[in-house]
Protein chains: 2
Amino acid sequence: MGSVDRRILKTREAIKKAFFELMAQKDFESITVQLISERANLNRGTFYLHYLDKFDLLDKCIEEQFNELLRVCAAQGHDQTHVPTFESLLSTTEYFEEHFLFYSCMLNSKGMPSFRDRMHQLMVEGIRDQLNMDDINKGLNKEILVQFMASAIVGIVEWWIYNKMPVPASELARELWALLERNQIHK
Amino acid sequence: MGSVDRRILKTREAIKKAFFELMAQKDFESITVQLISERANLNRGTFYLHYLDKFDLLDKCIEEQFNELLRVCAAQGHDQTHVPTFESLLSTTEYFEEHFLFYSCMLNSKGMPSFRDRMHQLMVEGIRDQLNMDDINKGLNKEILVQFMASAIVGIVEWWIYNKMPVPASELARELWALLERNQIHK
DNA sequence: GCAACTGTGTTGATTAATGAACAGTCGCAG
DNA sequence: CTGCGACTGTTCATTAATCAACACAGTTGC
């Protein structure tokens with residue numbers, strides 16, 4: 001799959017770059033396809049060769065970002081189960097740090113109420129697969145614990161991003177690790 | 001003439017950018033068309049649609065840079081004669097400061113003996129047009145004075161660039177102004 | 001109301017960029 | 001010497017990007 005025409009990759013990169021730059025300046029609804037095309041320095045028609053409209057572009061950007069996130073989360077677990085280790089947790093907080101701009105835009109922007117939901121859903125599915133119901137979790141409803149943890153984790157990330165990362169990624173990872181430990185999400 | 005196809009401008013920019021980045025790393029002779037194309041992220045064939053070879057590219061880059069230099073030098077003199085003012089002199093030293101990387105590459109590189117000559121020639125022509133032979137210059141051979149000043153000025157610039165700009169642009173401009181004053185190049 | 005704008009999404013003819021070939025030159029190690 | 005790898009300069013068919021045009025939908029302001 002490395003055989004996509006160079007021009008296509010370059011064009012898509014330029015569009016996404018322009019889009020993110022604009023997202024950092026103004027809110028989603030006031031961004032137009034025209035603006036994106038101008039900033040990306042390409043013809044407006046070219047935009048429509050790759051995306052249906054700006055909503056489709058946003059969708060694909062989020063999709064891509066989430067795939068990257070999942071890749072980082074699972075970077076350790078290879079053919080093992082995807083139960084997190086402290087290392088994978090640290091990679092993940094560092095990933096958020098690195099993509100601060102993106103998540104900051106998405107979580108802050110009033111025009112993006114759906115983003116938080118999608119992230120929450122992603123987390124629910126991730127945790128549902130990983131949670132083991134032994135020992136201290138016996139007698140609890142699993143789905144309730146899943147929802148509880150997902151909301152908590154998304155909330156923490158949201159807080160961290162929204163407050164411009166008031167603690168370093170490493171500390172956040174340590175704190176999260178302790179919280180996961182207490183709730184039996186890891187080994 | 002703003003009606004050149006976008007793709008052409010983008011491609012040429014990418015090629016020049018890649019070329020300058022490589023010039024900052026290695027000397028001219030060890031740079032290949034292949035390397036430039038890879039770094040610019042375009043097909044090698046595309047390179048030959050715009051330039052004959054790497055020498056032609058270098059030539060056009062120098063030409064372009066010199067045009068920019070002339071534009072800055074003459075920025076003041078509009079429909080007046082191009083006799084320099086202190087302001088235009090300052091713009092010029094600031095121009096060199098801004099394009100430090102380019103001139104540093106060109107003047108340092110052993111593979112570029114011709115560059116100093118071209119710059120010298122540019123200066124000779126510029127001065128020849130501006131020098132007024134009144135007052136204290138009476139009785140002197142004009143062409144000798146031109147050559148004298150051109151060498152002196154190029155030498156100063158060379159020294160300044162070569163030694164990584166040991167004094168700020170503003171000071172260099174002041175010093176040069178004093179030297180030009182003494183030699184009646186300005187009003 | 002409706003005229004002037006601004007942005008949309010689509011069209012078609014044209015042109016530039018692409019990748020994959022090619023034969024040729026050059027330096028160099030076996 | 002000789003084959004080998006790296007780079008050159010050029011070709012060709014294919015594909016993507018371009019520009020200018022289009023009809024259309026919403027907003028704004030007179």
> Going from CD1 on A:Ile153 to CE on A:Met119, what distance comes out if it is rounded to the nearest 0.5 angstrom?
Replying inline: 10.0 Å
>> Between A:Arg71 and A:Glu68, does any NZ, NE, NH1 or NH2 come within less than 4.0 Å of an OD or OE carboxylate oxygen?
In response: yes
> Which value, rounded to the nearest 0.5 Å, describes the distance between A:Arg12 atom CZ and A:Leu57 atom CG?
Replying inline: 11.0 Å
Pairs under 3.5 Å (N/O, protein and nucleotides 23-28 of chain D):
none

> What is the distance from CZ of B:Arg7 to C1' of D:dT18, rounded to the nearest Å?
Replying inline: 5 Å
>> Taking only side-chain N and O atoms of B:Arg6, does any of them lie within less than 4.0 angstrom of OP1 or OP2 on D:dC19?
In response: yes
> Transitively linked via ILVMFWY side-chain contacts under 4.5 Å: B:Ile15 with B:Leu49?
Replying inline: no
>> Taking B:Lys60 first and then B:Glu64, would you say they form a salt bridge - that is, a charged N and a carboxylate O separated by under 4.0 Å?
In response: no
> So where does chain A start and stop touching DNA chain C, 5' to 3', when the test is distance under 4.0 Å to a non-hydrogen atom?
Replying inline: C:dG7 to C:dG19
> Taking it one step at a time, do A:Gln65 and A:Tyr95 satisfy side-chain contact (heavy atoms from CB on, under 4.5 Å)?
Replying inline: CA-CA 11 Å; A:Gln65 203 63 241; A:Tyr95 160 84; 2.9 Å; yes
>> Output one letter per nucleotide in nucleotides 7-13 of chain D: B when a protein non-hydrogen atom lies under 4.0 Å from the base, S when only the sugar-phosphate is that close, - when neither is.
In response: SBBB---
>> Quick check for you: to the nearest 0.5 Å, what is the distance between A:Thr11 atom OG1 and A:Asn41 atom CG?
In response: 10.5 Å
> What are the two closest heavy atoms between B:Lys10 and A:Leu42, and how far apart are they?
Replying inline: NZ-CB, 3.9 Å
>> Please convert DNA chain D into dot-bracket. A pair counts if it is Watson-Crick or G-U wobble with both distances under 3.5 Å; crossing pairs go in [ ] and bases paired with another strand get |.
In response: ||||||||.||||||||||||.||||||||
> Between B:Glu63 and B:Arg118, is the closest basic N to carboxylate O distance under 4.0 Å?
Replying inline: yes
>> What is the distance, to the nearest angstrom, from the CD atom on A:Glu38 to the P atom on D:dT18?
In response: 13 Å
> Any side chain to side chain donor-acceptor pair (under 3.5 Å) pairs touching residues 149-168 of chain A, not counting sequence neighbours?
Replying inline: A:Arg116-A:Glu158, A:His120-A:Ser151
>> According to salt bridge (Lys or Arg N to Asp or Glu O under 4.0 Å), who are the partners of B:Glu97, at least two apart in sequence or on a separate chain?
In response: none
>> Side chains of A:Gln121 and A:Glu125: any donor to acceptor distance under 3.5 Å?
In response: yes
> Base, sugar-phosphate alone, or nothing: which one does B:Asn43 contact when heavy atoms must sit under 4.0 Å apart?
Replying inline: base
>> Between A:Gln147 and A:Glu143, is there a side-chain donor-acceptor contact under 3.5 Å, judged purely by atom types and distance?
In response: yes
